[in-house]
There are 2 protein chains.
Amino acid sequence: MMDTISTRDDSDLLHARYGRETGPLPTNEIIDTLLAHRSCRAFRPDPLPDGVLETLIAAGQSAATSSNLQTWSVVAVEDAERREALFHIGDSQKQILESPLVLCFLADLSRIAAIADRIPKPREALDYLESFLVAAIDSSLAAQNVCVAAESMGYGTCYLGELRQYPEKLAALLDLPPMTMVTFGLCIGVPDETRPAFIKPRLPQSSVLHRETYKPAQALAPVGDYEVVLDEFNRMARNGQPLWGLRCASRVEKPDSLKGREHLAGALRRMGFPLK
Amino acid sequence: MMDTISTRDDSDLLHARYGRETGPLPTNEIIDTLLAHRSCRAFRPDPLPDGVLETLIAAGQSAATSSNLQTWSVVAVEDAERREALFHIGDSQKQILESPLVLCFLADLSRIAAIADRIPKPREALDYLESFLVAAIDSSLAAQNVCVAAESMGYGTCYLGELRQYPEKLAALLDLPPMTMVTFGLCIGVPDETRPAFIKPRLPQSSVLHRETYKPAQALAPVGDYEVVLDEFNRMARNGQPLWGLRCASRVEKPDSLKGREHLAGALRRMGFPLK
């Protein structure tokens, strides 16, 4: 596949991603699809055709998984009443009602726990934070493949971290067994082009990419410039928001800035994750 | 993009992924790239051409990030001595020495902590498990985009969860500030085709994909069949391994099955993540 690389100027996508001119970079059709990501919050009601969900899950299962333990699962919610319940569990974001499919990704240690229980030995390692983290990362890698696959087919996607606000209510709604937890949701559907989404600018690469060692001053230097870029974007997209630094600060100020998620550790312990 | 979908029979890729015949599914070139993933553990020493790393990071930054907080960073290690140190910190897997680039992905709350500290208010929410999890998930979504972008260019990739075994040693090696942690590494380079990697079969979809609610019996039913499939694969690939269930059981048996990672929670607390 090496010969498919072309050094062409994808200045539109890169310009949108950084809000500034960047040099030309080597790219290809797949990378262009990645660069073009935007969160979609306006969907048409059309259901996904037969087979598409199975394709998306095959893509998700193709992602790497730690030691092939496959410690993730997914509950696909299409039922309108159940989506309405999800809507009320989270921040009542309307894309949950609009999109025909909400995938609830699970960190799932229950499957290997049940498998391990077939032999008369303990399964103590599952009680550790590390095992929960393995499952959370597995679910994230799989979800991102699902997201890329869906967008490659022209669907819109939107992650829902808000589903972590009431993990036990959600477990009841989805009949989850102990040792499983919804890490996040992912709305998937046909974008409503009358309410388009835009590519959101990110921090300059110098803030995120460090070579050999981490340089805190390098991470912070471009923040002021980024705030200007993001403010311009928010005006264009008519998102009334404070400057990025102020918004970050208010998001992390108090425990209840987490809107219920400050109780996550306690809920997880009750759900079968001791987090030792 | 909807019209690029073709319902063709990608039976080779799907057959390899599940080790069994599957029905034809709608797919496209991008999804085929996802389905074709395999972990690469044998690299040629060729360095990546100029610009490729920047392309990969632009793809990573294009992934969704919770509330646009961008709580991840990456340290790109190319230096041979530093890669050798990584090799000794982890499980001494030779791909760390062979691949020209090891990306160390970070859950990074240090940047928004420093930004929040510019105003005279607390930043108490960062002390909670939820904030650590946001950062770990952000780093995972970004890494998977980097992985897909690299493979679309013909490079091989290999995740390194083993870098969580000694998080404080690794923080010293990479000059990491408090409130950052390496979630995993990712080796990237030109695959050595004389030592090829294979697509590893995963659990049948019925074990992983649940509709509307989770069914534990459905999750477990296909495990026996999967063990046969994976055993056939391991014989073909000359990986001598016990059956999948036994291997899972031994991986979760005792705290020290985690090979040091059972101390992760304590290390994280010392590194600025109270995990409340």
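Keep in mind that the numbers below use all heavy atoms, side chains included, and drop hydrogens, waters and symmetry copies.
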Trainee: Which of the residues B/T157, B/T65, B/T180, B/L173 is involved in the greatest number of heavy-atom pairs with chain A at under 4.5 angstrom?
Mentor: B/T65
Trainee: Sub-3.5 Å donor-acceptor pair from the side chain of B/Q144 to the main-chain atoms of A/A142, do we have one?
Mentor: no
Trainee: Side chain, backbone, both or neither: which part of A/S207 has a heavy atom under 4.5 Å from chain B?
Mentor: both
Trainee: Checking heavy atoms, do the side chain of A/Y128, its backbone, both or neither come under 4.5 Å from chain B?
Mentor: side chain
Trainee: Where do B/I112 and A/C248 come nearest, in terms of heavy atoms and distance?
Mentor: CG2-SG, 3.8 Å
Trainee: Is it the backbone or the side chain of A/F105 that comes under 4.5 Å from a heavy atom of chain B, or both, or neither?
Mentor: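 Nothing of A/F105, per the 4.5 Å heavy-atom cut-off to chain B.
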Trainee: List the atom of A/Q61, the atom of B/R202, and the distance in Å for their closest heavy-atom pair.
Mentor: O-NE, 2.7 Å
Trainee: Do B/T22 and A/E54 make a side-chain contact, defined as non-hydrogen atoms from C-beta onward lying under 4.5 Å apart?
Mentor: no
Trainee: Tell me if a side-chain donor or acceptor on A/T55 pairs with a main-chain N or O of B/P26 at a distance below 3.5 Å.
Mentor: yes
Trainee: A/I30 and B/E29: which non-hydrogen atoms are nearest, and at how many Å?
Mentor: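 Smallest heavy-atom distance, with atoms named: CD1-O, 4.4 Å.
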Trainee: Let me know if A/L56 has heavy atoms under 4.5 Å from chain B in its side chain, its backbone, both or neither.
Mentor: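 Answer is neither: A/L56 stays 4.5 Å or more from chain B.
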Trainee: Between B/W244 and chain A, which part of the residue has a heavy atom less than 4.5 Å away: side chain, backbone, both or neither?
Mentor: side chain
Trainee: Would a distance-only check, ignoring hydrogens and angles, find a side-chain to backbone donor-acceptor pair under 3.5 Å from B/R261 to A/E130?
Mentor: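 No; judged by distance alone, with no hydrogens or angles, the pair does not exist.
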Trainee: Can you say whether B/V223 sits under 4.5 Å from chain A via the side chain, the backbone, both, or neither, judging by heavy atoms?
Mentor: side chain
Trainee: Where on A/S110 is there a heavy atom nearer than 4.5 Å to chain B: the side chain, the backbone, both, or neither?
Mentor: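 The answer is the side chain of A/S110.
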Trainee: Grab the two heavy atoms, one from B/N28 and one from A/S152, that are nearest each other, plus how far apart they are.
Mentor: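 Smallest interatomic distance, heavy atoms only, reads ND2-OG, 3.0 Å.
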Trainee: Please look at B/R164 and chain A and tell me whether the side chain, the backbone, both or neither of the residue comes under 4.5 angstrom of a heavy atom of that chain.
Mentor: side chain
Trainee: What part of A/R82 gets closer than 4.5 Å to chain B, counting heavy atoms only: side chain, backbone, both or neither?
Mentor: side chain
Trainee: With chain B, which of A/R118, A/K276, A/E262 has the greatest number of heavy-atom pairs at distances under 4.5 Å?
Mentor: A/E262
Trainee: Counting heavy-atom pairs under 4.5 Å with chain B, which one of A/P49, A/A58, A/A116, A/G161 comes out on top?
Mentor: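 Looking at each of A/P49, A/A58, A/A116, A/G161 in turn, A/A58 comes out on top.
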Trainee: What part of A/R17 gets within 4.5 angstrom of chain B, counting heavy atoms only: side chain, backbone, both, or neither?
Mentor: side chain
Trainee: Would you find more than 12 non-hydrogen atoms of other residues, nucleotides or ligands less than 6.0 Å from B/D256 atom CG?
Mentor: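 Yes, because the 6.0 Å sphere around CG of B/D256 holds more than 12 heavy atoms from other groups.
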Trainee: So which residue, A/L176, A/L109, A/L220, ends up with the most heavy-atom pairs under 4.5 Å with chain B?
Mentor: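 Highest number of pairs under 4.5 Å: A/L220.
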